[in-house]
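Accompanying notes for the structure given below.
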There are 2 protein chains.
Amino acid sequence: MKTQLKKGTLDMCVLAVLAQADSYAYELVSKLSQGMDISEGTIYPLMRRLQNESWVSTYLVESSSGPSRKYYKLTEAGRRELATMRQEWQEFVAEVENVLRSDAAAQTEGAQQ
Amino acid sequence: MKTQLKKGTLDMCVLAVLAQADSYAYELVSKLSQGMDISEGTIYPLMRRLQNESWVSTYLVESSSGPSRKYYKLTEAGRRELATMRQEWQEFVAEVENVLRSDAAAQTEGAQQ
DNA sequence: ACAAGATACCTTGCATCGCAAGGTATCTTT
DNA sequence: AAAGATACCTTGCGATGCAAGGTATCTTGT
């Protein structure tokens with residue numbers, strides 16, 4: 001998957017996943033790797049950023065199948081930020097689609113509906 | 001507009017605009033700045049990259065209202081690349097929306113359908 | 001003629017972010 | 001005791017967008 005496209009969306013994706021249920025970094029990687037393809041080298045600095053912005057809080061939970069897990073929980077500010085990001089994302093996509101649509105006439109040759 | 005979100009999409013946008021009609025960098029900035037908000041410091045290195053990839057070719061045209069314009073024209077390879085980028089973009093957006101959709105239940109409070 | 005402003009080109013340096021590669025510690029299984 | 005999975009983390013690199021600054025051309029006002 002194209003690396004550059006992900007820039008700025010992964011934090012939103014992580015917040016969206018956390019909006020469902022608390023999780024820990026290692027699990028977030030496996031959850032998001034089905035489709036989004038995110039790696040550990042990405043997630044840990046990212047989680048640190050989310051924490052620095054106070055969008056998530058953390059707590060430790062001992063595991064019976066390995067070392068303790070650092071769980072992340074969405075804060076109220078994080079929930080609000082997620083809503084903002086969603087909006088910005090939708091506006092951004094709309095804008096790109098708009099630019100792409102202007103090309104519609106020159107595109108009738110491909111395998112498109 | 002969020003800088004990070006644009007990463008990897010501006011080249012596609014430029015190619016899409018050029019698929020309609022040849023243009024020059026300065027004009028591309030003003031065309032895309034309505035909505036996408038792209039700056040000169042971005043466009044010139046970007047055009048150089050597109051040219052290095054042989055996705056565009058150039059030709060000079062004298063202007064009656066200023067210095068000569070360096071026009072960019074989409075090549076066949078550029079047209080194919082644009083099609084590929086479109087596909088990757090659509091797949092990427094679908095994937096992000098998919099992650100965001102999983103959050104739907106936790107989102108019934110906002111102004112959403 | 002000359003100053004000012006628009007048009008049009010370009011480069012440099014910075015900040016951000018995703019990622020591969022590498023490292024550590026814990027727990028289970030063999 | 002060794003091996004593998006789980007789970008944490010950091011370092012350094014590459015790619016990209018942008019502000020800031022620079023140059024040259026052409027038109028317009030005075």
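Numbers restart at 1 for each chain; the letters A, B, ... are given by sequence-line order, proteins then strands.
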In this structure, how many angstroms lie between the [atom2] atom of [N] and the [atom1] atom of [X], rounded?
| X | N | atom1 | atom2 | result |
| --- | --- | --- | --- | --- |
| A/L60 | D/dC8 | CG | P | 9 Å |
| A/K31 | D/dA7 | NZ | P | 12 Å |
| A/E27 | D/dA5 | CD | P | 19 Å |
| B/E53 | D/dA15 | CD | P | 11 Å |
| A/L46 | D/dC8 | CG | P | 14 Å |
| B/R48 | C/dC10 | CZ | P | 6 Å |
| B/D37 | D/dG17 | CG | P | 13 Å |
| A/I43 | D/dT6 | CD1 | P | 17 Å |

Taking only residues two or more places apart in sequence or in another chain, which ones pass side chain to side chain donor-acceptor pair (under 3.5 Å) with [X]?
| X | value |
| --- | --- |
| B/S65 | B/S63 |
| A/E97 | B/W89 |
| B/D11 | none |

Identify the pairs formed between an N or O of the protein and an N or O of nucleotides 13-17 of chain C at a distance under 3.5 Å, and give each distance.
{"residue": "C/dT16", "atom": "O2", "partner": "B/K7", "partner atom": "NZ", "Å": "3.4"}
{"residue": "C/dC17", "atom": "O2", "partner": "A/K7", "partner atom": "NZ", "Å": "3.0"}

Reading 5' to 3' through nucleotides 21-30 of chain D, protein heavy-atom contacts under 4.0 Å coded B for base, S for sugar-phosphate only, - for none: ----BSS---

Considering residues at least two apart in sequence or located in another chain, which fulfil the ring pair (Phe, Tyr, Trp, His ring centres under 6.0 Å) criterion with A/Y24? A/Y71

Any side-chain N or O of [X] less than 4.0 Å from the OP1 or OP2 oxygen of [N]?
| X | N | answer |
| --- | --- | --- |
| B/K2 | D/dG17 | no |
| A/Y24 | D/dA7 | yes |
| B/Y44 | C/dT11 | no |

Could you note down all residue pairs passing salt bridge (charged side-chain N to carboxylate O under 4.0 Å, His left out) where residues 65-76 of chain B supplies at least one of them, sequence neighbours left out? B/E76-B/R79

Given D/dA7, D/dG17, D/dA19, the nucleotide with the shortest approach to the side chain of B/S39: D/dA19

Of all the nucleotides listed (D/dT10, C/dT7, D/dA7), which has the minimum atom distance to the side chain of B/Y26? C/dT7

On a heavy-atom basis, which atom in A/M12 and which in A/L82 lie closest, and how many Å separate them? O-CD1, 3.7 Å

Would a distance-only check, ignoring hydrogens and angles, find a side-chain to backbone donor-acceptor pair under 3.5 Å from B/T75 to B/S54? yes

A/Q87: partners by side chain to side chain contact (heavy atoms under 4.5 Å, CB included), with sequence neighbours left out: A/E91

Pairs under 3.5 angstrom only: tabulate donor-acceptor contacts from the side chains of residues 29-53 of chain B to other protein residues two or more places apart or in another chain.
{"residue": "B/S30", "atom": "OG", "partner": "B/E27", "partner atom": "O", "Å": "2.9"}
{"residue": "B/S33", "atom": "OG", "partner": "B/V29", "partner atom": "O", "Å": "2.8"}
{"residue": "B/S33", "atom": "OG", "partner": "B/I38", "partner atom": "O", "Å": "2.9"}
{"residue": "B/Q34", "atom": "NE2", "partner": "B/S30", "partner atom": "O", "Å": "3.3"}
{"residue": "B/S39", "atom": "OG", "partner": "B/T42", "partner atom": "OG1", "Å": "3.3"}
{"residue": "B/N52", "atom": "ND2", "partner": "B/R48", "partner atom": "O", "Å": "3.4"}

